[in-house]
Amino acid sequence: MWIKVKLVIYELKKIWGRPRFLLFLCAFMALHVFLLWYQNLPDEQTPPLSAYGRFQEMTAGMNEEEKGAYICRRKEILDGVSFVEEVLLFQGVSGQMGQELADRAMAEHPGLFQEYDEWYLSGAYLEWTDSLWRERTMVEEVYGEWQQVSTYGDYLASIQEKKDTLGGIGIFAGSGDSFSARNIRKSARDYAHLTASGIRFTLGRTLTGALEHMWTDLVLLLGVFLSVGEMILAEKEKGLFLVTRVTKHGLTGSIAGKLAALLIHCILLTGSLYAVNFLFFGCQAGFPDGSARLQSVAAFRESPFAIRIWEYVMLSVLTKAVVLYGFGVLLTIPCLLADSLVLPYGLGMLFCGINGILYLAVPASSRALPLKTLNLAGLLQTKRLYGAYLNFDLLGYPFSRVVAAWLVILLFVLLSVGGSIFCFVRGQRLVLRKGHLWVWRPPFKPHGSLLRHECHKIMVGNRGGVILLCCMVLVGSFELGRACYLSAGEQYYRDIMLRLEGGLTKEKEDLVLAEKSRYEKAFQQVERIERLMAEGVLSEPAGEEQMAKWKGILAFYPDFRRVWQQYEGIREHGEGHFIYDTGYLYLFGIWGGENLVDLLLVVLGVILVTGNGNGPDTTCGIWKLLGATRAGKRRILMSRLRVCVSTALLLALVPVLCRAVGMRDLFTWQGFGLSTGDIPCCSMLPGFLTALPVVGFVLVFALSQGLVLAVAALLVFALSLWQRTGARTYFLAMLVFILPLVLQLLGLSWAERFSLYPLYSWMRSM
């Protein structure tokens, strides 16, 4: 079939040359990057992406032996530090039982506590992250991946040993023609050309994160929907097919040009999105060594292909592009046959939904496994396709999944191309019917309230309600999904503060003084043992063994100082109450950096809801008409402004409420009726604030954050009046409010001076 190059370029320009498509593409790119960032936010146990980048930097100049020694040493240190924390948790338990458990643990691992207690107390074990839980998770992940890669030679040998064992044991003589036996022999043949040479351990976070992301596949499918709509439905809507079909290349040439342009479009779109993915993960987690063998990444240990990482990346992107092209060509068939917009888009979404359900619902051990892996969703999972080894049972003979996948892809593409050409040549419905897609909206009932009318326009007409709901879900899921863990010191502080909660009594004072006496005794004993070691009376091993118990006690001294601070404050002022304040430190954003993420999400919601509040009336040019009404322009603007400010205040409550709910089990919320001045971090506040009950101050704190967001809403509202269009308002508002927060999240501390963060988190400066 003859394809005119100029015709292909013309069809491609109809997609990429339309400002509307480019605008949609930029919006999808921005949404895609936002979802990448949001889904990879760290919590108390999950290490940040930058931790993987630090590992890459530390091991950049090491050979494989040095890498292995370094990783094993990190594992050894974290195991020792974790043991120290376990012992301290036992010692933090009140009563004799805790000390007995600690002594038993140290007896089972002699010398381990003495070796790593200084590491634990000094925090010198933190090299990649900033907390014990994240560091432990990171070390376990790296060590597990390194073990798989370092034993790759043993893995290859085991495959050949299975074949030799199968041939050497007589009991298998009668079952040599079974699928299992044939599969073992085929596996040995497929892996025979592979060796352990060229394997260089590489973390797979960037590779797997960039190439296997659900949101990327969804955005690509949406891009295919838009491109096919631009090529087919847009021309049918204008009736251009009635004209182009009678030209020289009107039949086969026209559809061939469209299909060729669609192929180029799928390759460009797929390459662009995955290039963004690699930049996002690579700039934070580090780029993998592209020249290393694919099996250098633990996730691809089972791959039977002797290719490099960069070759796998190209193969993976090309595979995804071809699969998307097949789906796009298939989508052109209902587009050519339909006379309305509902049928093609409905069938396309139904096809994607069925494939997704099959991929999720069919078990991996089922005989229907081909339905799981050889559909649209399964073929887009290239990590499983090229990184894992699998043969299907085809009448008792093993058949490679990779070969089956490409046969399905090629057959799918060829049948779709043939069907599209046939439908275009023989098609009869060349024009779309007039009409629009039916979209349900809340019914609007006539009323005389201007505020209600403007609220309906912003929340329903401008989709502000959907944006508000999405923003609340994002903030709520982030706060409620954060995993918090109590350290040994925090566990000790929590237990003693819950016993001291309330006013100072003789029994509570005796408890505090007894704890202080215990620590003074521990300091004296450590000093005595060190003196004996210096004089030579005690050997160093014996001295360290005797000091282990006292050092375990002193490990909680920094936490006891917080108790002593509250005790001294009560004694100094002659009034006050003990209060467990750790939860309030997190709630007010003094501890933890979650306020910055919350601020970014809620400000984004304020911008999206408020930015287009005046757009429709401005672009339609009806402000003069509105100004002549009884309500007048000023009252209309004030009503809209009230809606926007109310939205900001509502969004400000979500992080505080969700954070309080998410932490209620760990940091027990007590003392709400006590004075705010009882919280040590609030003692420097003005007198009218310290006199408030704690629950009242929490509401004041949330209101202060709401006022900051209300100011942002006022400024965005003013920008919308000045710029007149929603797109320009969004751009300027993002530049002013979002960019400084993004730079601050990237580690540029100077950007804080240009953001709302100091005002939003004003309690951090107390």
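Just so you know, these numbers use all the heavy atoms, side chains as well, and skip hydrogens, waters and symmetry mates. Residues: numbered from 1 along the sequence shown. Quick caveat, the model's predicted, so the values are computed rather than measured.
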Q) If we ignore angles and hydrogens, is there a donor and acceptor under 3.5 Å between the side chains of Asn277 and Thr216? A) yes
**Q.** 4.5 Å side-chain heavy-atom contact, Cys352 and Leu221
**A.** yes
Q | Test salt bridge (charged side-chain N to carboxylate O under 4.0 Å, His left out) applied to Lys75 - qualifying residues, sequence neighbours left out | A | Asp79, Glu140
(Q) Let me confirm one number: the CD-CG distance from Gln381 to Leu211, rounded to the nearest 0.5 Å. (A) 11.0 Å
Q | Pair Arg136, Thr129: side-chain N/O donor-acceptor within cut-off below 3.5 Å | A | no
**Q.** Point-to-point distance, once rounded to the nearest 0.5 Å, from OH of Tyr325 to CZ of Phe412
**A.** 11.0 Å
Q. With distance as the sole criterion, is a donor-acceptor pair present between the side chains of Ser178 and Ser180 under 3.5 Å?
A. no
Q: May I have all residue pairs that pass ring pair (Phe, Tyr, Trp, His ring centres under 6.0 Å) and include part of residues 273-301, sequence neighbours excluded?
A: Phe300-Tyr312
(Q) Between Gln744 and Ser749, do the side chains contain a donor N or O and an acceptor N or O under 3.5 Å apart? (A) no
Q. Does a side chain donor of either Thr319 or Tyr386 reach within less than 3.5 Å of an acceptor in the other side chain?
A. yes
**Q.** Leu739 CG to Leu741 CG distance, which is reported to the nearest 0.5 Å
**A.** 9.0 Å
Q.
Between Glu127 (side chain only) and Arg54 (backbone N and O only), is there a donor and an acceptor less than 3.5 Å apart?
A. no
Q. Do you know which two heavy atoms are closest between Pro47 and Thr137, and how far apart they sit?
A. CD-CG2, 3.9 Å
Q | Nearest heavy atoms of Leu78 and Val139, plus distance in Å | A | CG-CG2, 3.8 Å
**Q.** Check ion pair Glu212-Lys383 (N to O, under 4.0 angstrom)
**A.** no
Q: Quick one: do Arg74 and Glu135 satisfy salt bridge (Lys or Arg N to Asp or Glu O under 4.0 Å)? Show the steps, please.
A: CA-CA 10 Å; Arg74 294 295 303 149; Glu135 192 81 12; 2.5 Å; yes
**Q.** Side chains of Val224 and His265 in contact at under 4.5 Å (non-hydrogen atoms)
**A.** no
Q. Any donor and acceptor pair, going by atom type alone, linking the side chain of Asn391 with main-chain N or O of Asn183 inside 3.5 Å?
A. no
Q: Give, for atom CG of Leu203 and atom CD of Glu145, the distance between the pair rounded to the nearest 0.5 Å.
A: 5.5 Å
Q | Side-chain donor-acceptor contact under 3.5 Å, Arg200 with Ser291 | A | yes
**Q.** Residue pairs passing the side-chain hydrogen bond (donor to acceptor under 3.5 Å, both in side chains) test where at least one lies in residues 370-379, sequence neighbours excluded
**A.** none
Q | Aromatic plane relationship, Tyr143 with Trp146 - under 30° parallel, 30 to 60° tilted, over 60° perpendicular | A | tilted
(Q) Per the ring pair (Phe, Tyr, Trp, His ring centres under 6.0 Å) rule, what does the pair list look like for residues 40-73, sequence neighbours excluded? (A) Phe55-Trp128
(Q) Between Tyr38 and Leu474 (side chain of the first, backbone of the second, donor and acceptor by atom type, cut-off under 3.5 Å), is there such a pair? (A) yes
Q. With a 4.0 Å cut-off, would you call Glu76 and Arg73 a salt bridge?
A. yes
Q: First locate atom CG of Leu318, then atom OG1 of Thr382, and finally report the distance between them rounded to the nearest 0.5 Å.
A: 11.0 Å
Q | Heavy atoms of other groups near Arg384 CZ, more than 12 under 6.0 Å | A | no
Q | Arg401 NZ/CZ over Phe392 ring centroid, <6.0 Å and within 45° of normal | A | no
Q: Could I get the full list of salt bridge (charged side-chain N to carboxylate O under 4.0 Å, His left out) partners for Lys67, not counting sequence neighbours?
A: Glu64
Q) With under 30° as parallel and over 60° as perpendicular, where do the rings of Tyr155 and Tyr191 fit, or are they tilted in between? A) perpendicular
Q | Least distance between heavy atoms, Gln56 atom then Ala285 atom | A | CG-O, 3.6 Å
Q) With no hydrogens and no angle check, do the side chains of Gln284 and Thr206 hold a donor and an acceptor under 3.5 Å apart? A) no
Q: Quick one: list whatever passes side-chain contact (heavy atoms from CB on, under 4.5 Å) with Leu407, sequence neighbours left out.
A: Phe399, Val403
Q. Does Glu311 pair with Arg293 as a salt bridge, N-O distance under 4.0 Å?
A. no
Q.
Under a 4.0 Å threshold between the charged nitrogen and the carboxylate oxygen, would Glu141 count as salt-bridged to Arg205?
A. no
(Q) Testing the basics here: between Ala105 and Val87, what is the closest heavy-atom pair and its distance to 0.1 Å? (A) CB-CG2, 4.2 Å
Q) Can you name the nearest heavy-atom pair linking Leu132 to Leu126, along with the distance? A) N-CD2, 4.0 Å
Q. So do the side chains of Val362 and Leu369 get within less than 4.5 Å of each other, counting heavy atoms only?
A. no
Q: Determine whether Glu85 and Trp133 make a side-chain contact, defined as any pair of heavy atoms from C-beta on separated by less than 4.5 Å.
A: yes
Q) Is it the case that more than 12 heavy atoms not belonging to Trp37 sit under 6.0 Å from its CH2 atom? A) yes
